[in-house]
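What follows is a short report on a single structure.
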Amino acid sequence: MNSKGVNQWWAKATSKYSIYIVLIAMFIVCSVISPVFLSTKNITNISRQISITTIIAFGETLLIICGLIDLSAGSVLALSGVLSVAAYKMTGSMQIAMVVGVSVGVFCNAINGILVTKFKTPPFIATLAMQTAARGAALLYTDGQNIYQIGEYKALGQNSIGIIPIPVIFMIGTTLMTWYMLNHTKFGRHLYAVGGSEEAARASGVNNNKTKMTAYLINGLFVGVAGVLFMSRVNAGLPNGGIGAEFEAMTSAIIGGTSFSGGIGTAMGTLAGAFIMGFVNNIMNLLGVQSYMQQIVKGIIIALAVVYDIRSKTKRDKKKQGNINEKLVDSSNKAKEPGAL
Amino acid sequence: MNSKGVNQWWAKATSKYSIYIVLIAMFIVCSVISPVFLSTKNITNISRQISITTIIAFGETLLIICGLIDLSAGSVLALSGVLSVAAYKMTGSMQIAMVVGVSVGVFCNAINGILVTKFKTPPFIATLAMQTAARGAALLYTDGQNIYQIGEYKALGQNSIGIIPIPVIFMIGTTLMTWYMLNHTKFGRHLYAVGGSEEAARASGVNNNKTKMTAYLINGLFVGVAGVLFMSRVNAGLPNGGIGAEFEAMTSAIIGGTSFSGGIGTAMGTLAGAFIMGFVNNIMNLLGVQSYMQQIVKGIIIALAVVYDIRSKTKRDKKKQGNINEKLVDSSNKAKEPGAL
Amino acid sequence: MDLEMPKLELRNIEKSFPGVKALGNVNFSVKKGTVHVLCGENGAGKSTLMKIINGIYQPDQGQILINGKEVKINNPIEARKYGISMIFQELNYIPEITVEQSMFLGNEPTNKFGKIDWKKIRSETVRLLEQEKLHYHPTTQLKDLTISDIQMLEILKAVSYGSDIIIMDEPTSAITRNEVEILFGKIAELKAKGVCIIYISHKMEEIFRIADEITILRDGVMIDTKPTNELNIDKVIALMVGREMSNIYPKEEVAIGETVLEVKGLTNNSVFSDVSFDVKKGEIIGFAGLMGAGRSEVARAIFGLDEFNQGQILIKGKEVKVNKVIDSINHGMVMLSEDRKRYGIIGVRGVRENVALSKLERFIYKGRLHIKDENTTVSGICKRMNVKTPSLETSIDSLSGGNQQKVMLARWMLCEPDILILDEPTRGIDVGAKYEIYKLITELVKEGRSIIMISSELPELIGMCDRIYVMAGGKITGELENREFTQENIMKLATKG
Amino acid sequence: AEPKAGGTAETTTAAEETKPAEEAKPAEEAQKTYKIAYIARAQSDSFAAWLANAVKDEVAKNYKDVTVDVFDGESKNEVIASHIENAVTKQYDAILLQPYDSEAQVAPAMEAMDAGVQVVTVNNRINDNDRAGAIDADPVAQAAKNAELAFEQIPQNGKVVVLMGPAGNMHSDKRRIGWQQSFFDKRPDVKILDEQIANWNKDEAMRFMEDWIQTYGEIDAIISMNDNMAVGALEAAKAAGMTDILSYGVDGTAEACLAIQAGEMTSTTLQSAYALAEEAVKLTYKLMTGAGERETILVDCPLITKENAQEYIDLHKKAGNLK
Ligand SMILES: Nc1ncnc2c1ncn2[C@@H]1O[C@H](COP(=O)(O)OP(=O)(O)OP(=O)(O)O)[C@@H](O)[C@H]1O
Ligand SMILES: Nc1ncnc2c1ncn2[C@@H]1O[C@H](COP(=O)(O)OP(=O)(O)OP(=O)(O)O)[C@@H](O)[C@H]1O
Ligand SMILES: [Mg+2]
Ligand SMILES: [Mg+2]
């Protein structure tokens with residue numbers, strides 16, 4: 001590759017992967033300004049801290065790509081977690097507890113999905129109603145009290161396999177699952193199509209309702225799993241748990257490049273977004289930034305990260321003035337790109 | 001009008017005004033099941049309780065019509081309210097306090113607007129960053145403590161003119177202002193156009209950025225006013241006031257028919273949405289519904305109201321298809337429509 | 001050549017997009033009171049050039065002169081101030097607003113307090129509509145209109161500004177004959193008033209009816225500008241595609257087989273009623289009719305996009321239920337929509353994904369969608385269809401209109417259908433590509449497939465079809481055999497009922 | 001309150017001329033500085049913020065060999081857990097924790113102790129309490145003091161409304177128990193008109209009270225689990241012209257003290273952030289330096305009524321909460 005080629009390659013890489021560059025830059029800066037940041041322990045901590053939100057973020061990513069949204073994630077997390085804890089207390093079986101947690105998540109999201117697909121309720125309202133109702137149900141079931149003494153339930157959220165905490169393993173699992181779905185299944189393609197243009201998707205033979213319903217059900221699965229992990233990590237059944245979790249999740253997704261206008265988003269982007277948020281929170285605590293100041297700084301960093309990302313994308317569009325001869329299709333050498341992480 | 005004509009008229013009216021029918025139905029049901037509901041005092045109460053949220057809801061309505069969003073409303077409300085209270089304590093002048101409150105609201109939203117128009121940040125992220133930052137600033141300024149002893153500042157929020165509480169007067173004012181803007185100004189028409197299709201609007205000679213910026217600035221004005229009224233109503237400067245206010249506001253707007261896909265929404269719809277939410281909250285308190293149960297019921301009512309609204313709208317669309325030939329007929333007898341509420 | 005100063009002049013205009021140099025060193029000028037036609041293949045850069053004049057894009061280099069003075073046009077608002085208005089090729093309408101609101105969007109009359117003068121808007125709209133004998137209700141929302149209605153409104157709107165430079169980017173691609181006549185009448189009127197018109201079209205007959213001068217672009221480079229009388233259709237085509245082209249309609253005789261599609265008594269309350277027809281293997285069936293005749297509606301109903309109240313659809317003799325599009329596709333029937341923007345492209349996604357969308361099963365085995373295979377197949381099809389795109393990952397939004405249409409065709413080719421319903425298949429396609437599409441249609445029927453072609457271009461129907469059904473007012477008013485094909489016969493049936 | 005001048009990091013070190021702590025310190029350890037991580041439940045909660053400030057002030061005033069960093073738990077167990085993890089990573093000598101949930105913080109706290117970091121809880125306890133030191137005020141007693149007063153004040157067949165903190169909140173629930181034991185169980189004649197969750201918030205309490213006034217007309221007393229809600233409900237009662245309504249809170253905020261002195265509010269019990277901070281830092285210091293054993297200390301919570309309100313107003317003035 002000649003120097004011009006390298007330059008072009010570099011320009012393209014920086015713009016296409018700008019969010020990862022933000023992530024790496026942040027990583028380097030953090031490592032320099034805080035000596036403890038780069039310890040295995042700290043990185044493990046960060047991963048564990050973001051794991052539950054990130055699992056929800058993948059659900060939100062799928063939904064947002066498809067032009068949907070889930071405002072009920074936090075509440076449904078609490079409901080499924082609480083019922084899962086209750087099931088565990090009754091049966092002592094972690095398997096049953098897991099099944100209950102996931103089922104509740106899926107069930108609530110089935111209602112979301114039915115409201116959206118059958119009754120044509122705007123997703124914002126449908127899931128907002130679910131947010132209120134699921135929280136009410138969690139509180140009603142527990143009578144507003146936390147459930148304690150849940151014994152070995154906590155293992156899932158607190159133990160590690162090797163040095164990797166179990167929630168992190170779940171996070172990696174959902175990352176791969178989301179990535180695979182988005183890139184290598186029909187469902188994933190249909191998500192992008194429906195999110196890109198509902199009518200065009202319908203006219204192309206996509207079953208929009210089925211796609212949306214599936215998106216909600218998978219979101220339900222993720223939220224259910226997150227609920228079990230959450231309660232297990234805090235070692236209690238908290239009917240108040242997860243308030244606002246959907247927002248943190250959406251923030252990760254959006255920072256990672258998912259677009260509310262639909263049709264755009266990747267699994268890896270969301271993961272990067274989640275880590276960016278994790279780094280920001282972590283480094284400010286490591287540096288002992290005063291807590292109100294933290295919020296201001298956090299706001300500024302979020303804005304800056306996204307502005308940088310957007311800017312470099314626009315710049316690419318300006319720079320990438322190719323040659324007219326390149327215009328005709330060039331076939332197989334790019335085959336790997338879309339599937340690449 | 002013959003009977004078929006009446007039927008058609010009725011079908012059209014029920015579908016076009018379905019949200020008002022929901023409102024009226026709710027009003028009647030509430031009056032029947034609770035004797036105190038229909039008292040002047042209670043209706044005044046409801047109006048006062050919804051007034052501040054509703055003022056914010058008009059800001060959200062403008063933004064959502066234009067395809068934007070403001071997640072920072074609650075935080076900016078707190079910041080502008082707190083600074084306004086501080087200004088009052090320093091100067092003792094309600095005028096200055098009001099100017100400070102409004103300026104802070106407008107200032108924060110100017111930043112939102114610049115991020116969105118100049119830096120092309122997605123509105124969700126820009127205003128989320130502002131949400132975090134403005135809350136941090138409010139807490140930093142007050143050191144997390146409430147500001148007390150604010151003397152006559154409370155008059156604005158607690159006094160009435162005749163039987164109408166001052167916040168309600170502000171609410172009516174913003175309703176009229178929003179209605180007028182949406183229907184009788186270029187800015188309003190451009191909001192719909194930009195929200196409906198940015199490209200088409202631009203091609204028609206609409207200045208999209210200016211329209212968006214103006215929408216944020218007016219939203220800032222409303223949020224600033226709401227901040228002053230809020231603090232004045234609670235007779236304190238609460239740096240953590242208004243958490244989640246943007247969500248209640250958006251809910252009112254969406255129930256009132258504003259659509260997140262942009263280009264759709266009315267001032268009167270939002271007002272109706274706000275009253276529906278107000279009635280729901282009020283009647284459950286009047287009936288002494290247990291608080292967890294309240295949340296579940298509220299979720300169900302929100303969903304039902306919207307499902308009914310959507311259903312009757314869809315029914316109309318089906319009917320209308322049957323009457324395509326009507327399209328070719330008369331032109332002038334509807335001359336008033338676009339200006340109608 | 002006279003010495004009159006050109007009204008509008010472009011000098012050395014260059015413009016690049018990511019991966020594409022759309023325009024390179026274009027010089028171009030238009031005189032007062034003339035119609036200047038721009039010709040060129042799909043993706044030649046015509047629309048881009050026009051958008052530069054209208055301030056949508058900024059040129060990378062070059063100057064724009066109006067009345068001999070250099071100007072910088074930053075956006076369409078400024079363009080309008082310089083007296084420029086434009087009818088866009090890609091109809092980008094706002095579905096929720098009404099006819100009258102759309103007519104005055106961005107140009108609303110207000111009183112001195114900034115209040116919009118709705119009365120004036122209403123009366124002006126009614127006046128403009130009546131003047132052109134168009135019967136739209138001023139308060140109808142655009143989403144309730146057909147694409148041709150909207151196109152007509154766009155034309156009306158652009159003309160109503162009283163501009164002295166009007167750009168028309170393929171204005172007739174979506175309207176039928178009557179309306180074309182209205183438009184040409186209007187153009188003559190404007191010309192007489194000294195307005196200059198830049199006109200883009202792929203329809204050669206039209207071009208030679210109205211052009212005073214013709215400029216030809218190829219691959220972003222200006223090839224030539226000549227007065228119309230020095231050119232003829234064949235010369236223009238040769239300049240456009242860089243080679244000679246002979247027969248425009250490459251129709252071949254194909255053995256007609258058994259009936260593959262039969263529609264009986266299809267009715268959708270008051271949109272169309274009692275529509276019955278049949279299509280045989282290897283046949284090309286045409287559907288002719290005026291705007292709003294209901295042809296597209298019938299096609300949509302058969303394809304499963306709309307519901308219908310009564311009637312039967314039989315494919316290969318068996319009655320089928322098409323509740324959804326996927327049912328049709330599974331029965332081997334596909335439809336290319338007339339409204340590509342709304343019912344075709346997934347704008348933000350790339351070419352590859354757009355092509356593969358309807359037949360992903362082809363690349364799925366062992367539970368995995370194989371992108372490599374997809375890439376190979378799609379690039380093959382795109383080559384065959386001669387799609388011009390920087391890469392298969394380029395978002396389809398940024399392709400030229402004609403190329404988008406080819407991508408849509410590629411999508412349906414991938415499904416290997418038995419029956420293709422093509423609703424206005426050559427809309428916005430250049431002559432070269434049109435020929436390719438005709439050739440493709442011929443090849444398809446040779447392979448034993450059947451085509452239903454809905455078109456508002458009678459010559460194309462006459463040139464390609466085996467039989468033509470004519471619709472009017474939602475009913476089939478007649479069926480013509482090949483030997484009965486004449487424009488007169490068709491028009492007679494089309495205006496019946 | 002005035003804005004706090006100062007930098008971004010909230011590290012406070014003792015000034016030179018400050019008094020030494022009461023405890024005698026071994027000379028060889030005077031060189032060493034001890035680091036405390038103070039993890040607040042939520043810095044947006046005004047009581048929590050007050051307590052955090054009190055802890056900082058206490059350290060600055062009385063412990064020149066100690067630094068304290070404040071972390072915001074944001075009312076989220078996950079966040080608190082991650083602060084604890086970070087504190088271990090950063091090798092703090094002790095964690096002073098204001099728990100948000102008594103169970104959820106157990107595991108991370110125990111992990112921290114296993115890693116050799118001392119943990120002391122303040123203002124709430126964690127369930128596994130034989131390992132962590134604890135400073136708390138007894139919430140049942142806080143409520144009971146008000147309840148005993150109410151027992152005398154609320155008329156026969158009186159009608160009351162009850163305002164609760166967030167669902168599942170330990171303080172709210174315990175205070176409610178205090179009221180149950182010391183008042184409702186003994187006064188079966190009193191009718192609870194309604195009982196709702198106002199999330200510690202003034203504006204939410206106002207809204208409930210307005211609706212209750214509509215529904216029930218006559219209300220004899222507001223029984224609130226904290227002062228913010230009591231004052232909010234009072235605001236609504238005042239607006240409705242109900243001047244002789246009784247109202248009880250807990251916390252002893254500046255606003256409540258003023259309302260009590262003005263004769264608007266009836267009583268509250270002080271949950272003194274200063275007392276809590278003083279004891280908490282003392283215990284933490286003992287544990288860090290190895291000079292003492294872990295213990296559980298309950299601070300006193302005096303009842304504030306019109307008679308002694310001035311005393312507490314002065315206290316708030318001294319602390320800069322009032323001017
Ligand atoms: N917004 C854009 N982004 C990237 N590339 C673009 C954009 N608009 C146009 N192009 C490219 O510029 C070239 C010229 O496109 P243009 O739309 O001007 O062609 P055209 O001559 O109008 O074709 P058609 O007859 O199909 O309308 C094409 O290769 C197209 O892909
Ligand atoms: N979405 C819609 N809402 C209301 N009316 C519609 C809609 N789509 C089409 N129509 C009406 O249905 C009738 C048939 O339209 P259709 O598009 O089928 O005609 P066509 O024969 O295909 O003509 P062309 O496509 O050339 O305009 C017309 O009167 C049209 O206005
Ligand atoms: Mg073009
Ligand atoms: Mg048609």
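Every chain is numbered from 1, with letters handed out A, B, ... down the list of sequences. Below, all heavy atoms of this structure are taken into account, side chains as well, without hydrogens, waters or symmetry copies. These numbers were taken from a predicted model, which means no experiment stands behind them.
- Applying the 6.0 Å contact sphere to CZ of D:Phe184 captures more than 12 heavy atoms from other residues, nucleotides or ligands.
- Summarising the geometry, atom CD1 belonging to B:Ile52 is positioned 8.5 Å from atom CG belonging to D:Asp203; distances are rounded to the nearest 0.5 Å.
- With a threshold of 4.5 angstrom between heavy atoms, D:Ala239 does not approach chain B through any atom at all.
- Taking all atoms of both residues into account, the shortest heavy-atom contact from D:Gln214 to B:Val36 is O-CG1, 3.3 Å.
- Only the side chain of D:Asp194 has a heavy atom closer than 4.5 Å to any heavy atom of chain B.
- For D:Lys174, the NZ atom counts as loosely surrounded, since its 6.0 Å shell holds 12 or fewer non-hydrogen atoms of other residues, nucleotides or ligands.
- No donor-acceptor distance shorter than 3.5 angstrom exists from the side chain of D:Glu255 to the backbone of B:Tyr148, with no hydrogens or angles considered.
- Contacts of B:Phe37 with chain D are absent, with no heavy-atom separation under 4.5 Å from either backbone or side chain.
- A distance of 9.0 Å separates CD in D:Gln196 from CE in B:Met284, rounded to the nearest 0.5 Å.
- Formation of a donor-acceptor pair under 3.5 Å by the D:Asp211 side chain with backbone atoms of B:Asn285 is not found in this model.
- Both the backbone and the side chain of D:Ile197 come within less than 4.5 Å of a heavy atom in chain B.
- In terms of non-hydrogen atom pairs under 4.5 Å with chain D, the most contact-rich of B:Gln294, B:Gln158, B:Lys154 is B:Gln158.
- Heavy-atom distances place the side chain of B:Leu238, and not its backbone, under 4.5 Å from chain D.
- There is no contact between B:Arg135 and chain D, counting heavy-atom distances below 4.5 Å.
- Summarising the geometry, atom CZ belonging to D:Phe208 is positioned 8.0 Å from atom CG belonging to B:Asn281; distances are rounded to the nearest 0.5 Å.
- A distance of 11.0 Å separates CG in B:Leu140 from CD in D:Gln43, rounded to the nearest 0.5 Å.
- Ranked by heavy-atom pairs under 4.5 Å with chain D, the list B:Asn282, B:Val234, B:Asn159 is led by B:Val234.
- Of the two parts of B:Leu286, the backbone and the side chain both hold a non-hydrogen atom closer than 4.5 Å to a non-hydrogen atom of chain D.
- Of all heavy-atom pairs spanning B:Glu248 and D:Arg207, the tightest one is OE1-NH2, 3.9 Å.
- Of the two parts of D:Asn228, only the side chain, counted from C-beta on, holds a non-hydrogen atom closer than 4.5 Å to a non-hydrogen atom of chain B.
- Looking only at heavy-atom pairs under 4.5 Å with chain D, the residue among B:Ala138, B:Gly241, B:Gly144 that has the most is B:Gly144.
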